[in-house]
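Atom set for the values below is all heavy atoms of this structure, side chains included, hydrogens, waters and symmetry mates excluded. All values derive from a computational prediction rather than experimental measurement.
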Amino acid sequence: MMGRPEGLKLIDENGRRIDGRKKYELRPISMEVNVLKNADGSAYVEWGKNKILAAVYGPREIHPKHLQRPDRGILRVRYNMAPFSVEDRKKPGPDRRSVEISKVIRGALEPALILEMFPRTAVDIFIEVLQADAGTRVAGIAAASLALADAGIPMRDIVSACAAGKIDGEIVLDLNKDEDNYGEADVPLAIMPMKNDITLLQMDGYLTREEFMEAVRLAIKGAKAVYQKQREALKRKYLAVAEEVAGNE
Ligand code: ADP
C-alpha cells in the first residue's frame with residue numbers, strides 16, 4: 001500500500017484491471033510437479049509473473065538432534081527470494097519479511113500433515129521465489145503443498161491458497177504488484193478444501209467488516225480454483241508414470 005502516481009486508475013470504465021482482468025479473475029496459473037531430481041518432492045508454479053520453485057525433503061533425521069520430538073515429526077519451512085526476483089535487486093539472505101512469511105507458511109501447511117506418524121524426524125520445505133509480482137506467499141503455499149504430495153508425504157488434504165483485496169474501492173481477486181502497491185487492502189488466505197478449514201488468513205490495509213467478509217469469500221473461491229489446478233498437476237504426474245510403466249512392459 002503506497003502513495004500512487006497521480007491519475008493512475010486500477011479499474012477502468014469498462015471494469016477492466018490494468019492487466020486486462022475482470023474483478024473476479026485469477027492471473028494465468030501453471031503448475032508442474034516432480035521438477036527436481038535431487039529433492040524427495042518438488043513443484044514449479046507460475047502464477048501471473050510469479051515464478052516459484054518448492055523442494056521437499058523428508059521425513060528425515062533431524063540435525064541438530066535436540067530439535068527432535070519423541071512423539072512427532074517437525075515441519076521446517078524456508079521461504080527465500082532470489083536477488084534477481086524483484087526490480088531493484090534484493091539483498092540475499094533472510095530478512096524480517098522472509099522469516100515472517102516462512103513462519104506463516106509453516107502454519108498454513110502444518111495442519112495438513114500427519115506428523116505424529118514420523119516421530120524424531122523433520123520435513124523440510126524450501127520455497128525459492130525466482131520472480132515476484134505480489135501473492136508470493138499464496139503461490140508458495142500452493143507450490144509447497146504440491147511438493148509435499150509429490151514426496152508422498154501423508155496429508156489430510158492438499159493446502160490451497162489465494163488472495164483477494166481492495167483496489168479503487170472494489171473487492172477483487174488475486175492482486176498483482178501494482179494493485180498491491182497502490183490498492184487499499186490485501187487478504188491472503190489458505191484453505192484445506194476437503195476439510196473446509198482455513199489455515200492462513202492475513203490482512204494488510206483497511207477494510208470494513210463487510211468488505212473483509214466479501215474478500216474472504218472471494219479468496220476462498222479463488223483458492224478452490226487453484227485447488228483444481230493442483231489436482232490436475234498431480235494427475236498429470238501419475239499419468240506420465242503410468243505411461244512410462246506401460247512403455248516398459
Ligand atoms: P506477497 O508476495 O505474499 O504478496 P508482500 O505483500 O510482502 O508478500 O509483497 C508483495 C510483493 O512486493 C512481492 O510479491 C514482491 O513483488 C514485492 N517485494 C517484496 N519484498 C520486496 C523487496 N525486498 N524488494 C522489492 N520488492 C519486494
Taking all non-hydrogen atoms of both residues, which atom of Lys166 and which atom of Tyr206 are closest, and how far apart? CD-O, 4.4 Å
For Ala143 and Val45 the tightest heavy-atom approach is CB-CG2, 3.6 Å
Hey, are Arg60 and Asp40 close enough for a salt bridge, meaning a charged N less than 4.0 Å from a carboxylate O? no
Taking every non-hydrogen atom, the tightest pair across Pro188 and Val138: CB-CG1, 3.9 Å
Does Lys221 NZ have over 12 foreign heavy atoms under 6.0 Å away? no
Determine, step by step, whether Ser145 and Gln230 satisfy the side-chain contact (heavy atoms from CB on, under 4.5 Å) criterion, reporting the C-alpha distance in whole Å, the side-chain angles of both residues, the deciding distance to 0.1 Å, and the verdict. CA-CA 9 Å; Ser145 189; Gln230 289 172 295; 3.9 Å; yes
Mind running side-chain hydrogen bond (donor to acceptor under 3.5 Å, both in side chains) on Tyr79 and Arg97 for me, showing each step along the way? CA-CA 10 Å; Tyr79 163 103; Arg97 175 178 170 276; 3.2 Å; yes
Please check if atom NZ in Lys90 has more than 12 non-hydrogen atoms from other residues, nucleotides or ligands closer than 6.0 Å. yes
Distance-only polar pair, side chains of Asp174 and Trp47, donor-acceptor under 3.5 Å: yes
Heavy-atom pair with the smallest gap, counting every atom of Gly183 and Ile167: CA-CG2, 3.9 Å
When you check the gap from the basic side-chain N to the acidic O, do Asp124 and Arg76 get nearer than 4.0 Å? yes
Sub-4.5 Å side-chain heavy-atom contact between Ile127 and Asn80: no
What about Val56 and Met192, same hydrophobic cluster or not, with Ile/Leu/Val/Met/Phe/Trp/Tyr joined at side-chain heavy-atom distances under 4.5 Å? yes
Ignoring hydrogens and geometry, is there a side-chain-to-backbone donor-acceptor pair from Asp186 to Asp204 under 3.5 Å? no
Is there a donor-acceptor pair under 3.5 Å between the side chain of Ser102 and the backbone N or O of Ser98? yes
Looking at Ser160 and Ala223, would you say the former's side chain and the latter's main chain have a donor-acceptor pair under 3.5 Å? yes
Between the side chain of Glu32 and the main-chain N/O of Ala43, is any donor-acceptor distance below 3.5 Å? no
Hydrophobic cluster membership, Ile11 vs Leu173, 4.5 Å side-chain cutoff: no
Lys91 side chain near Pro83 side chain, heavy-atom distance below 4.5 Å: no
Could you tell me if the side chain of Leu75 sits less than 4.5 Å from the side chain of Ile125, heavy atoms only? yes
Would you confirm whether Glu243, through its side chain, and Ala240, through its main-chain N or O, come within 3.5 Å as a donor-acceptor pair? no
Single-linkage hydrophobic cluster Leu109~Met155, side-chain heavy atoms < 4.5 angstrom: yes
Which heavy-atom pair separates Val33 from Ala233 by the least distance, and what is that distance? CG2-O, 3.9 Å
Asn176 versus Asp19, side-chain donor and acceptor atoms under 3.5 Å: yes
Side chains of residues 194-203: which donor-acceptor partners sit under 3.5 Å, not counting sequence neighbours?
| unit_1 | atom_1 | unit_2 | atom_2 | d |
| --- | --- | --- | --- | --- |
| Thr199 | OG1 | Ala108 | O | 2.9 |
| Gln202 | OE1 | Arg137 | NH1 | 2.8 |
| Gln202 | NE2 | Glu100 | OE2 | 3.2 |

Lys/Arg-Asp/Glu bridge criterion (N-O < 4.0 Å) met for Glu128, Arg78: yes
Report the C-alpha distance between Arg17 and Leu10 in whole Å, list the side-chain angles of each, state the deciding distance to 0.1 Å, and finish with yes or no for side-chain contact (heavy atoms from CB on, under 4.5 Å). CA-CA 6 Å; Arg17 296 155 65 176; Leu10 296 175; over 6 Å; no
Between Arg69 (side chain) and Gly73 (backbone), is there a donor-acceptor pair under 3.5 Å? no
Full working for side-chain contact (heavy atoms from CB on, under 4.5 Å) between Leu26 and Cys162: CA-CA 9 Å; Leu26 281 170; Cys162 192; 3.5 Å; yes
Return the CD1 to CG distance between Ile18 and Asp178, rounded to the nearest 0.5 Å. 4.5 Å
Are Tyr44 and Ser30 linked by a side-chain donor-acceptor pair shorter than 3.5 Å? no
Stepwise side-chain contact (heavy atoms from CB on, under 4.5 Å) test for Phe212 and Ile171: CA-CA 9 Å; Phe212 177 70; Ile171 303 299; over 6 Å; no
Between Asp168 and Lys9, is there a side-chain N and carboxylate O pair less than 4.0 Å apart? no
Quick note, side-chain hydrogen bond (donor to acceptor under 3.5 Å, both in side chains) partners involving residues 110-122, not counting sequence neighbours, are Arg72-Glu110, Glu116-Arg156
Stepwise salt bridge (Lys or Arg N to Asp or Glu O under 4.0 Å) check, Arg27 with Asp133: CA-CA 11 Å; Arg27 288 174 280 184; Asp133 196 61; 3.6 Å; yes
Let me check something: do Ile220 and Val187 share a hydrophobic cluster, defined by ILVMFWY side-chain heavy atoms less than 4.5 Å apart, either directly or through other members? yes
Assigning hydrophobic clusters by single linkage (Ile, Leu, Val, Met, Phe, Trp, Tyr; side-chain heavy-atom cutoff under 4.5 Å), is Leu189 placed with Val172? no
Mark yes or no for whether Arg21, through its side chain, and Glu25, through its backbone, hold a donor-acceptor pair below 3.5 Å. yes
Less than 4.5 Å apart, side chain to side chain, heavy atoms only: is that true for Met31 and Leu146? yes
Please give me the minimum heavy-atom distance between Gly140 and Ile52, naming the atom from each residue. N-CD1, 3.9 Å
Answer yes or no: is there a side-chain heavy-atom contact under 4.5 Å between Phe126 and Tyr57? yes
Does atom CG of Asn14 have more than 12 heavy-atom neighbours from other groups under 6.0 Å away? yes
